[in-house]
Amino acid sequence: MVVLTVEDRLRHAQIDRFLEEYWIAQDKKALYLKYKDVLDHVQPIDMFYITHFSDAQGLNVEEIRKLAGKLVNVFSHGFNAYRWDRDAFEMIR
């Protein structure tokens with residue numbers, strides 16, 4: 001069972017805010033710089049806690065695909081910096 005810390009919940013909320021603002025931002029670079037710290041520390045597990053992609057948001061598949069391609073680049077910095085605890089994940093040993 002995963003226990004989320006206060007820091008985890010705060011990071012998830014910040015990622016959600018970034019995604020909400022992304023759709024309307026005229027200056028994507030400025031938006032990225034505003035959230036750079038949280039984006040540089042995103043962890044793979046965070047993707048499962050992003051509520052922006054829930055059914056309640058009403059995004060269609062095409063909108064998610066369009067955004068996902070761009071987010072791969074944005075999240076890649078945090079993913080590349082993430083250090084896996086390989087002993088905790090048998091499937092990646």
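If you read the sequence from its start, that first residue is 1, and numbering goes on from there. Heavy atoms only: backbone and side chains are in, while hydrogens, waters and symmetry mates are out.
- The shortest side-chain heavy-atom distance between H12 and L4 falls under the 4.5 Å cut-off.
- We find the OH-CD distance between Y49 and Q43 to be 11.0 Å, quoted to the nearest 0.5 Å.
- Put simply, the side chain of D8 gets close to the backbone of T5: a donor and an acceptor are under 3.5 Å apart.
- A donor-acceptor pair under 3.5 Å is absent between the side-chain atoms of D40 and the main chain of D37, judged by distance alone.
- Taking the six-membered ring where tryptophan is involved, the planes of Y35 and F18 are perpendicular, since the angle between them exceeds 60° and thus also 30°.
- Distance NZ/K36 to NE2/H41: 8.5 Å, rounded to 0.5 Å.
- Considering CZ of R9 and CD of Q14, their distance stands at 14.5 Å, rounded to 0.5 Å.
- Under the 4.5 Å side-chain heavy-atom criterion for Ile, Leu, Val, Met, Phe, Trp and Tyr, V38 and W23 are members of the same hydrophobic cluster.
- The side-chain contact (heavy atoms from CB on, under 4.5 Å) with I15 is formed by just one residue from the set V74, L10, D46; it is D46.
- Within 6.0 Å of atom NZ in K28, more than 12 heavy atoms from other residues, nucleotides or ligands are found, so the atom counts as buried in its surroundings.
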